[in-house]
There are 2 protein chains.
Amino acid sequence: MVNSENAKAQMRKGVLELCILSILSQGEAYPTEIIEKLKETKLVVVEGTLYPLLTRLKNTGLLSYRWEESTSGPPRKYYFLTEIGQTYLNELQVSWLELVNAVNTTVQNTK
Amino acid sequence: MVNSENAKAQMRKGVLELCILSILSQGEAYPTEIIEKLKETKLVVVEGTLYPLLTRLKNTGLLSYRWEESTSGPPRKYYFLTEIGQTYLNELQVSWLELVNAVNTTVQNTK
DNA sequence: TTTAGTACCTTGCACAACATAGTACTATAA
DNA sequence: TTATAGTACTATGTTGTGCAAGGTACTAAA
């Protein structure tokens, strides 16, 4: 059986970083909030993916976070973009547009 | 040092399958030819990536190939889309457009 | 004090891309 | 005829990412 689900998952990979940085450039957010925002645009991500990714982005200096108490559960980690993160995001956005152009050129020749 | 090269490479992953199937839907081609065509649109792929991918696509029934003698070296494997491959390509193209929309929505809210 | 809800974290696996090295065929030059 | 260069296909081991699954810890309500 040929199923494109796996290929779709593959395509999602690699743009997650871009999307998460984009979301955080609108203002700080904690992981559960980020997952919700991604869902709105049909990009489904699970915790097991997001937490390690956020840690990675923090360790490379693109993100930082602060703790904030919550009245409805454990404290939350609010992540936000660093200055380096903002610069990096701009680069990624350019790369994304270039990729879209490259792929669209290839695909459109098809028709 | 923060470098977006790795992230760019990650974004390329996942769209390769789409691009290769798209190229082959224009007519059969052998691996070296495919690499050339991808280079034209700035999607650089190396042999170590392409050959296993073509084998995978062949094994799942999306591609087929025929041997053809060459006057300038060893025989070439000319790959072409099967009927299943054509159907699958159509699905992938839809998925690609959906992904582009999702990411663009997220990115554009940034500005 | 038990249960439900929220939030964060860790481990192990699967898969794709890539670097690297190797085999094999042809044509040309020594 | 042998050696060399060019072309083409193949195999192996590593790495990075996403994800499934399971776990810890805090709060509030029953």
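Chain A is the first sequence line, chain B the second, and so forth, proteins listed ahead of strands; every chain is numbered from 1. Not measured: the values here are computed from a predicted model.
- Each of B:Pro52 and A:Gly48 has a nearest nucleotide on DNA chain D; the 5'-most of these lies closest to B:Pro52.
- Taking atom CG on A:Leu38 and atom P on D:dG18, their separation rounds to 12 Å, with Å as the unit.
- Members clustered with B:Tyr30: B:Tyr78, by chain and number, using a 4.5 Å side-chain heavy-atom cutoff among hydrophobic residues.
- A:Thr55 comes within 4.0 angstrom of nothing in the nucleic acid, heavy atoms only.
- Separation of atoms SG (B:Cys19) and CH2 (B:Trp96) is listed at 7.5 Å; rounding is to 0.5 Å.
- Between A:Lys39 and A:Glu36, at least one side-chain N (NZ, or NE/NH1/NH2) sits under 4.0 Å from a carboxylate O, which counts as a salt bridge.
- In this structure, of C:dA17, C:dA16, D:dC19, it is D:dC19 that holds the atom nearest to the side chain of A:Thr49.
- Rounded to whole Å, atom C1' of D:dG16 lies 14 Å from atom CG of A:Leu57.
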Worked check of side-chain contact (heavy atoms from CB on, under 4.5 Å) between B:Ile20 and B:Leu50: CA-CA 9 Å; B:Ile20 288 165; B:Leu50 186 62; 3.3 Å; yes

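- In this structure, the separation between CG on B:Leu89 and CG on B:Leu18 is 6.5 Å, given to the nearest 0.5 Å.
- In this structure, the separation between OH on A:Tyr65 and OG1 on A:Thr82 is 14.0 Å, given to the nearest 0.5 Å.
- One interatomic measurement links the two molecules: CG of B:Leu53 to P of D:dT10, which rounds to 14 Å at whole-angstrom precision.
- Rounded to a whole Å, the CG atom of B:Leu16 is 11 Å from the C1' atom of C:dC18.
- Put simply, the residue from A:Arg76, A:Lys77, A:Arg66 that forms a salt bridge (charged side-chain N to carboxylate O under 4.0 Å, His left out) with A:Glu28 is A:Arg66.
- One can place CD of A:Glu17 at 7 Å from P of D:dT17, the figure rounded to the nearest angstrom.
- Going from atom CG of B:Leu43 over to atom P of C:dA16 covers 18 Å, rounded to whole Å.
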Give every pair of a protein N or O atom and an N or O atom of nucleotides 6-8 of chain D that lie under 3.5 Å apart, one pair per line with the distance.
| unit_1 | atom_1 | unit_2 | atom_2 | d |
| --- | --- | --- | --- | --- |
| D:dA8 | OP1 | B:Tyr30 | OH | 3.0 |
| D:dA8 | OP1 | B:Arg76 | NE | 2.8 |
| D:dA8 | OP1 | B:Arg76 | NH2 | 2.6 |

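- Atom P of nucleotide C:dC8 and atom CZ of A:Arg66 are separated by 12 Å, given to the nearest angstrom.
- Nucleotide C:dC15 holds its C1' atom 6 Å from the CD atom of A:Gln10, rounded to whole Å.
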